[in-house]
Amino acid sequence: MHTFAYARPATLAEAVALLDAHGPDARLLAGGTDLVIRLRDGSARPSVVIDVKRIAELRPGIREDAGCITISATTVMTDVVADERVRRHFPALVEAAAVVGSVQIRNRATLAGNVCNA
């Protein structure tokens, strides 16, 4: 495994500043199901991994406001599959999330991480 720095910013502003400072050499960590594999096999060689799991603004959740459904970046696949609003309005998304890896992976894999790494 390639050596890299690890950062755990407390705010979204700190995370954005780290991304700005490191550019394409930075990788975000939320669920880690894809990133950890890529770090191990050497296909990802970031200079820094930025852990966003504890940033309050990115807290996992699905909410509906004024007819729009918002899915937080750190929301895991299991929560996407279980949410009735998502099931009703986005059945294809639910179907896709339901077949991502095993149950253990779906409990850890984030929707944003899988969309960004697709």
Side-chain angles (χ1 to χ4, degrees):
M1 189 182 308
H2 174 72
T3 303
F4 55 86
Y6 173 81
R8 188 173 14 184
T11 67
L12 189 55
E14 290 175 13
V16 170
L18 285 164
L19 283 169
D20 188 44
H22 294 278
D25 289 333
R27 293 291 181 274
L28 295 174
L29 172 67
T33 56
D34 289 328
L35 180 59
V36 170
I37 291 168
R38 291 186 173 142
L39 289 170
R40 284 186 187 150
D41 72 14
S43 63
R45 298 175 60 86
S47 62
V48 62
V49 171
I50 304 167
D51 186 340
V52 297
K53 290 187 296 279
R54 295 196 174 131
I55 296 176
E57 297 100 328
L58 300 178
R59 187 177 18 246
I62 301 170
R63 68 180 189 281
E64 187 172 3
D65 186 31
C68 294
I69 295 175
T70 303
I71 302 173
S72 165
T74 59
T75 301
V76 296
M77 297 294 192
T78 302
D79 293 341
V80 171
V81 171
D83 190 276
E84 273 306 312
R85 298 162 296 187
V86 178
R87 294 177 72 79
R88 183 174 46 255
H89 297 292
F90 305 102
L93 178 60
V94 171
E95 186 177 329
V99 298
V100 170
S102 64
V103 172
Q104 294 88 342
I105 295 294
R106 289 191 296 274
N107 285 333
R108 193 84 190 138
T110 62
L111 177 61
N114 279 270
V115 169
C116 291
N117 286 319

Just do the side chain to side chain contact (heavy atoms under 4.5 Å, CB included) check on H89 and I69 with the steps written out, would you? CA-CA 9 Å; H89 297 292; I69 295 175; 3.6 Å; yes

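In this view, I105 and T33, V100, S102, A109 satisfy the side chain to side chain contact (heavy atoms under 4.5 Å, CB included) rule, not counting sequence neighbours. T70 pairs by the side chain to side chain donor-acceptor pair (under 3.5 Å) definition with nothing, not counting sequence neighbours. For T74, the side chain to side chain contact (heavy atoms under 4.5 Å, CB included) criterion is met by A30, V52, L58, P60, S72, not counting sequence neighbours. With sequence neighbours left out, N107 forms a side chain to side chain donor-acceptor pair (under 3.5 Å) with T78. Taking V94 as the reference, V81, V86, R87 meet the side chain to side chain contact (heavy atoms under 4.5 Å, CB included) condition, with sequence neighbours excluded.
Smallest separation of non-hydrogen atoms from A73 and T110: O-CB, 3.6 Å.
Taking the side chain as every heavy atom from C-beta outward, D83 and T75 never approach each other to under 4.5 Å. The closest side-chain heavy-atom distance from D25 to V48 is not below 4.5 Å. In this structure, M77 and L111 have side chains that are in contact, with non-hydrogen atoms separated by less than 4.5 Å. Taking the side chain as every heavy atom from C-beta outward, L39 and F4 approach each other to under 4.5 Å. Here the side chains of L29 and K53 are in contact, with some heavy-atom distance below 4.5 Å.
Under the 4.5 Å side-chain heavy-atom criterion for Ile, Leu, Val, Met, Phe, Trp and Tyr, F90 and V80 are members of the same hydrophobic cluster. Cluster annotation: I62 and L93 are assigned to the same hydrophobic cluster (Ile/Leu/Val/Met/Phe/Trp/Tyr, side-chain heavy-atom contacts under 4.5 Å, transitive).
Side-chain N or O atoms of R106 include none that pairs as donor or acceptor with a backbone N or O of D79 at under 3.5 Å.
Other residues, nucleotides and ligands contribute over 12 non-hydrogen atoms within 6.0 Å of the CZ atom of R85. More than 12 heavy atoms of other residues, nucleotides or ligands lie within 6.0 Å of CG in D41, so this atom counts as buried by the packing criterion. Atom CD of E95 sits in a sparse spot, with 12 or fewer heavy atoms from other residues, nucleotides or ligands closer than 6.0 Å.
Atom OG of residue S43 and atom NE2 of residue H2 lie 12.0 Å apart, to the nearest 0.5 angstrom.
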Considering only distance and modelled atom types, tabulate donor-acceptor pairs under 3.5 Å from the side chains of residues 11-21, sequence neighbours left out.
from : atom 1 : to  : atom 2 : distance (Å)
T11  : OG1    : E14 : N      : 3.1
E14  : OE1    : A10 : N      : 2.8

